[in-house]
2 protein chains.
Amino acid sequence: MPVTKSTKLKREGAGPRSGTRLPERRQGVTLADVARLAEVSEITVSRILRNHGPAAPATRDRVLAAVRETGYVPNRLAGGLASSGSQLVGVIVPSLTNIVFPEVLGGIRAALDGSGFQAVIGVSDYDLAIEEELVASLLAWRPEAMVIAGFDHTPAARAMLEGSGVRIAEIMEIDSTPIDLAVGHSHVQAGFDTGQYLLGRGYRRFGYVGHDWNADRRARLRHDGLVAALASAGLSLVTTQRTEGPSSVAAGREQLAALLAQGPKPDVVVFSNDDMATGGVFHCMAAGLVPPRDLALFGFNGLDIGQALPTPLSTMRSNRFLTGRTAVEMLLAQRTRPPQPQVIDTGYEILPGATA
Amino acid sequence: MPVTKSTKLKREGAGPRSGTRLPERRQGVTLADVARLAEVSEITVSRILRNHGPAAPATRDRVLAAVRETGYVPNRLAGGLASSGSQLVGVIVPSLTNIVFPEVLGGIRAALDGSGFQAVIGVSDYDLAIEEELVASLLAWRPEAMVIAGFDHTPAARAMLEGSGVRIAEIMEIDSTPIDLAVGHSHVQAGFDTGQYLLGRGYRRFGYVGHDWNADRRARLRHDGLVAALASAGLSLVTTQRTEGPSSVAAGREQLAALLAQGPKPDVVVFSNDDMATGGVFHCMAAGLVPPRDLALFGFNGLDIGQALPTPLSTMRSNRFLTGRTAVEMLLAQRTRPPQPQVIDTGYEILPGATA
DNA sequence: CGCTTCTATGTTAGCGCTGTCATAGTGCGG
DNA sequence: CCGCACTATGACAGCGCTAACATAGAAGCG
């Protein structure tokens, strides 16, 4: 066999590269370098590294040795371009500091595990303009699929998503019609069920403590569902308190204090989520109020922190991990969009706890 | 206005080789399509889209209109390949569910904002083998820089990082010599200072509650620093409790209960971090112990949750956001590795709180 | 023993974009 | 008017890799 077959132009020159001998781990080792060292063609190296197509054990060993010796790291940009497939899944979430999103990402990573795909994460900070930029930016990497939290997108972002042709999962809610696939649960229904549950427990004077509705539209949907449940019993919220900022334990504490300092006294307060509700529990502790005797509290999400409280929080658990995993599993199982948008309900359950 | 304009020109000639004229990629507007529509060359479109080189206003308008009409999204794989620059920064963190890492990512994103660079995040789950895979995988995208938490890497991962030639920031600790740049603070010193501080407050019978040291080596460094401070006062830990699992509020609660149920009674317990310490506070609340009167508690990190507690946690605040931001700023400011490894201390401060 | 079927490897032709150098057009001073 | 410095645009050659199509032996087979 022809040993020194230089298919392409040989790159001679006083550059930082040296002969094909010493294992000098340098940036700029290419397939051609490995192929030359192993005395095979580039495509053979490529095939062996990807476990694609047949290969003689002896050749394989020689190639792998050459890879090790040169410290070769494949260039995915080139690989993706050549095969028009990036092995990437784009993910856009509004936040990473709200623990529910890292949990979703955990599910996504679990589904991706062993698939050879990798997630590229974008964080929109609850800002649709940033989300639009992220959509463009991630689409530019030609992902095989996209996962994006929520249904709220700018028209441009929606157009890009639709026009991209890649499979799209809109997750965390199912109260609207998705572009392609929705995985999550109904927040309106969750809010409604919360109301029904608490009415069933005998509460009648409902208070609400929430955070920014513009950013967290899902929190508003739950609120609306709650109000609907109350309305169906001829009731309405007796008092409401809402911060313009994001949800946090500190905000929940402050907002409950503010709520109780003014206006009618509720017998139960529903919080926009567990972070806020945990803050509410802290306020009660500091103020000497014992839930649910003096005041009942109810959250949403079913976070670990709420369940580790001295008095476990009464709340509703959503399946974040399952949502992320299911979304990616469905996306990878069927690489083309179905004729009709699909919706998967990952559900939720009430955690009775001891605060309501 | 997602009007249904004939965005993607329908291409026929589905034959395997339809000359070099009409591209009939299933789905994908390319520069060539835009160029044809705008009646300019591809390079002109490329230059205008990148704001690179001169362009007549009329041409620019025509090109931008064509881009809009076709819904063109640049292919970054191709762009990166051609210019050998991906505009990517690889980031590897051990976890996203531990809030400190999203906070670091916040700092990284802040530094990246407006730079045109994008972060690609890998999560190692505190597993060095996974970290090694991630290093290879991220390096394959030819990032301009890498940020990685900690100094602990497999030999192979270290070799890849060193050999890649790209700038590397090892963050969150500075107790070892970095490959290139370290940004963070000394955990040994933090542990030592914790000990000194508590000794100064009069505590003498120290207990320790921790979590998995194999995964979280930095927690161990703090422990070691604490022990050193005690030793310098002729003391040692009177009792220790450690879970094999990760840190969590629930684990902290259980471990403190276990610690108090057996062996000598401490007058202060130092926790491996704020999550664990918060669990400790919860245990005290449930057990009727009032800190610091009955038992003092001390954490690490300075998380919001600890400060929102009815009794704010005594702890040490580290600057996660600053660490992430500083690391990326330094990396981008100087694109080649300095002759000597650099170390930046982002420090910490004691939050007195009210539990110790 | 001619012919099909594998297996192992190579050759060719781009993937979509950008760096580099070349080429027209333009205003302007001398 | 010529040369000069620009400005605006284009032609061309790859970046590093892989799909698709060869090719050449080695079996398999009736």
Side-chain angles (χ1 to χ4, degrees), chain A residues 1-11 17 27-36 38-63 67 70 72-87 139-142, chain B residues 15-36 38-63 67 70 72-87 139-142:
Chain A
M1 69 176 75
V3 172
T4 34
K5 184 81 177 86
S6 58
T7 329
K8 301 216 164 191
L9 74 165
K10 45 184 154 183
R11 338 125 89 207
R17 49 164 299 287
Q27 174 165 244
V29 180
T30 72
L31 251 201
D33 298 320
V34 177
R36 206 173 304 127
E39 301 184 312
V40 293
S41 68
E42 297 181 34
I43 189 66
T44 298
V45 178
S46 172
R47 277 197 279 248
I48 288 173
L49 290 181
R50 284 177 301 142
N51 269 313
H52 196 289
T59 310
R60 156 172 273 109
D61 292 346
R62 209 141 33 84
V63 166
V67 166
T70 54
Y72 172 68
V73 176
N75 185 329
R76 291 249 246 162
L77 298 171
L81 217 216
S83 63
S84 42
S86 61
Q87 302 277 93
L139 245 20
W141 290 104
R142 296 296 186 267
Chain B
R17 44 179 68 267
S18 59
T20 49
R21 264 326 33 185
L22 302 175
E24 34 25 70
R25 284 266 62 85
R26 47 197 171 150
Q27 156 75 47
V29 182
T30 71
L31 252 200
D33 298 318
V34 177
R36 205 174 303 126
E39 300 182 308
V40 293
S41 67
E42 297 182 33
I43 189 66
T44 298
V45 178
S46 172
R47 279 197 277 247
I48 287 174
L49 290 181
R50 286 178 298 145
N51 272 313
H52 196 289
T59 310
R60 155 171 273 108
D61 292 345
R62 211 142 33 83
V63 166
V67 166
T70 53
Y72 172 68
V73 176
N75 185 330
R76 290 250 244 161
L77 299 173
L81 217 215
S83 63
S84 41
S86 61
Q87 302 277 92
L139 245 21
W141 290 103
R142 296 295 186 268

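Within every chain, numbering begins at 1; the chains are lettered A, B, ... in the order of the sequence lines, protein sequences first and strands thereafter.
To the nearest 0.5 angstrom, Ser83(B) atom OG is 9.5 Å from His52(B) atom NE2.
For the pair Ile43(A) CD1 and dA19(D) P, the computed distance is 7 Å after rounding to whole Å. Atom pair Leu81(A):CG and dG14(D):P shows a separation of 17 Å (rounding to whole Å applied). Rounded to an integer number of Å, the gap from Leu77(B) CG to dC15(D) C1' is 13 Å. Here the P atom of nucleotide dT18(C) and the CG atom of Leu31(B) are 6 Å apart, to the nearest Å. For the pair Gln87(B) CD and dC17(C) P, the computed distance is 16 Å after rounding to whole Å. The separation between Glu39(A) atom CD and dT9(C) atom C1' is 14 Å, rounded to whole Å. Atom pair Asp33(B):CG and dC15(C):C1' shows a separation of 14 Å (rounding to whole Å applied).
Using a 4.0 Å heavy-atom criterion, one finds that Ser84(B) contacts no nucleic acid atom at all.
Remark: of the listed residues Val63(B), Leu49(B), Asp33(B), Leu49(B) is the sole one forming a side-chain contact (heavy atoms from CB on, under 4.5 Å) with Tyr72(B). The only option from Val45(A), Thr44(A), Val40(A) that meets the side-chain contact (heavy atoms from CB on, under 4.5 Å) definition with Val34(A) turns out to be Val45(A).
Side-chain contact between Leu77(A) and Arg76(B): absent, with no pair of heavy atoms (C-beta onward) separated by less than 4.5 Å. Counting heavy atoms from C-beta outward, Asn51(A) and Arg60(A) have side chains that approach closer than 4.5 Å. Taking 4.5 Å as the limit, every side-chain heavy atom of Thr30(A) sits out of range of all side-chain heavy atoms of Asn75(A). Contact check for Arg62(A) versus Thr59(A): side-chain heavy atoms found under the 4.5 Å cut-off.
For Thr70(A) (side chain) and Val67(A) (main-chain N/O), a donor-acceptor pair under 3.5 Å exists by modelled atom type.
The side chain of Thr44(B) contributes an N or O atom lying less than 4.0 Å from OP1 or OP2 of dG10(D). Taking 4.0 angstrom as the limit, Ser41(B) places a side-chain polar atom (N or O) nearer than this to OP1 or OP2 of dG10(D).
Here the shortest heavy-atom pairing between Ala55(A) and Ile48(A) reads CB-CG1, 3.7 Å. When every heavy atom of Leu31(B) is checked against every heavy atom of Glu42(B), the shortest pair comes out as CD1-O, 3.7 Å.
Within a heavy-atom distance below 4.0 Å of DNA chain C, the residues of residues 45-60 of chain B found are Ser46(B), Arg47(B), Arg50(B).
Checking dG16(C), dA20(D), dG19(C) against every side-chain atom of Asn75(B), the shortest atom distance belongs to dG16(C). The side chain of Ser83(B) lies closest to dG19(C), out of dG19(C), dG10(C), dG16(D). Each of dC17(C), dT11(C), dC17(D) was ranked by its minimum atom distance to the side chain of Glu42(B); first place goes to dC17(C).
Direction of the helix axis in the helix from dC1(C)-dG30(D) to dG30(C)-dC1(D) shifts by 40° between the two five-pair termini, rounded to 10°.
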Find every protein N or O atom lying less than 3.5 Å from an N or O atom of nucleotides 22-28 of chain C, and list the pairs.
none

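Mapping Ala78(B) and Arg62(B) onto DNA chain D via the closest heavy atom, the residue that lands nearer the 5' end is Arg62(B).
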Evaluate the criterion side chain to side chain contact (heavy atoms under 4.5 Å, CB included) for residue pair Leu81(B) and Arg142(B); output intermediate values, then yes/no. CA-CA 9 Å; Leu81(B) 217 215; Arg142(B) 296 295 186 268; over 6 Å; no
